[in-house]
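Counting starts at 1 for both ligands and their atoms, following the listed order.
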Amino acid sequence: MTDELREACGVFGIVGRPDAAALTAEALFALQHRGQESAGIAVLDEGAIRLHKGMGLVHEVFQVEDVTRLPGTSAIGHVRYSTTGASRPENAQPLYVRAHLGPFALAHNGNLVDALAARDRLEREGAIFQTTTDTEVVAHLMARSRSGSLEEAFQDALSQLSGGYAFAVLTPNGVLGARDPFGIRPLVLGELHGMPCLASETCALTAVGADYLREVEPGEVVQLDVHGGIQVLTPGDPSREKLCAFELIYFARPDSRSAGESIYQARRRLGQQLAREAPAPADVVLGVPDSSLPAAEGYAAELLLPQELGLVKNRYVGRTFINPGQHSRESGVQRKLTVVAEVVRGRRVALIDDSLVRGTTMRHLTRLLRDAGAIEVHVRIASPRYLHPCHYGIDTSNRDELIAVAAGEDHLRQLIGADSLKFLSAQGVLRATGRPDHCLACFTGEYPVPVGDSDEI
Ligand code: SF4
């Protein structure tokens, strides 16, 4: 992906393991792509909850001694990229609360569209917020619930809110997991030597050696109890599923699986479908590394074209030491992506990206390819035009920033400097993923959950 489109968070939870904190740290490493701003782990140790969290990547927040200072047999973990609430230490998760029903810790992926109204109401009733996250709204609703247990209080809180979300909640009885009624954000169940765990993606299960059991169903609330059982507290409804299409297009790791389906293979099929809908008059196919390479592979295979390594990504880009006045904006792109001139010189290039959101980077990329000798650059996007902001936990800022909104397709082609530009259709996404339905709201404007008062907190 040439534009920065960022996932909100990743969560993990496990019960009944003496090494719960260490396993959770391993899982968070595997989920690091879902959030790089902060990381945290909460453990349950003889009825008490201990917490370690901080700003930065997992390896920056957790040294070995930090994990060994977290004894306990059940744990939840979280990596965060902020979509609501600023990037600051108090907003790092899990959030720890001591309520009259007992202590609990919350880890949340996604976005609650009515959190602002709920927060206003809670503040009028005297609640004092410590963070600016929508997650704390759930914490306050649980703490104020008149239910008889934390499990009921959690279900009570969720019944008052809507959005796209997945939760892992640590209580003295184990770990609660929940997915929004449309299953917009993902959550899967696994098992490690007879003990259950849950995670945003299966790559985290693989990282700790757990077997995949099943998806948490849309609207389902489960409890992983400390004896190894999985209780369904609120049954889900799989027929309502509208998993975020961007999980398959871009967010999830290619080695993860979704509903038993390989993400890598789904992306390859997106590329094949794109080739059927929009074949390019090209000599060579390049994918924008790394996320677009499976789609480029599928595109090239379908058209019997060679896919070659024409773009190389520098994984170790830090801050620039060159005076900003001395170099162009393009050099920022050039530091991240460089062109293998021998691959593109004198050839017509089909450049495959998984999405086009703000478009600025793509403009620089087409220029780099031409400078390296490409005679034509045909840009193909393995998803539809991104026209509407996401309200369910993906950072796309506001509508004005979306380049595809401002321009018709030909104007957009000129803006990014391509000889031709084509997008995959929304129907093509469904055809390629083989699912009856997905959330496609950022492409179609049809939001599965109404977003009337979804102002950011
Ligand atoms: S609006 Fe787009 S990014 Fe947001 S959940 Fe739906 S498909 Fe995913």
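Applying the 4.0 Å criterion to heavy atoms of A441 picks out, from ligand 1, the atoms 1 (S). Heavy-atom proximity to R185, at under 4.0 Å, picks out these atoms of ligand 1: 5 (S). Near C442, with a cut-off below 4.0 Å to any heavy atom, the atoms of ligand 1 are 1 (S), 2 (Fe), 3 (S), 7 (S). Numbered from 1 in the order shown, with element, the atoms of ligand 1 that lie under 4.0 Å from a heavy atom of I184 read 5 (S). Annotation for ligand 1: atoms under 4.0 Å from non-hydrogen atoms of A245 are 7 (S).
Annotation: F154 is in aromatic contact with F167 [ring centroid separation under 6.0 Å]. Aromatic ring centroids of Y447 and H391 lie under 6.0 Å apart. For an aromatic pair to be called close, the ring centres must be under 6.0 Å apart, and F29 with H59 fails this.
Looking at R185, its side chain never comes within 3.5 Å of a backbone N or O of A166 through a donor-acceptor pair. S292 places a side-chain N or O within 3.5 Å of a backbone atom of D354 that can act as its donor or acceptor partner. At distances below 3.5 Å, not a single donor-acceptor pair connects side-chain atoms of D353 with backbone N or O atoms of I381.
At a threshold of 2.8 Å, atom 8 (Fe) of ligand 1 has a backbone or side-chain N, O or S atom of C244 nearer than that distance. With 2.8 Å as the limit, C439 counts as an N, O or S neighbour of atom 6 (Fe) of ligand 1.
Contact between E247 and ligand 1 is absent, with no heavy atom of the residue lying under 4.0 Å from the ligand. Put simply, no part of G164 is less than 4.0 Å from ligand 1, judged by heavy atoms.
Heavy atoms of K242 found under 4.0 angstrom from ligand 1: none, in either backbone or side chain.
Taking the six-membered ring for Trp and thresholds of 30 and 60 degrees, F246 and F251 have ring planes inclined between 30 and 60 degrees apart.
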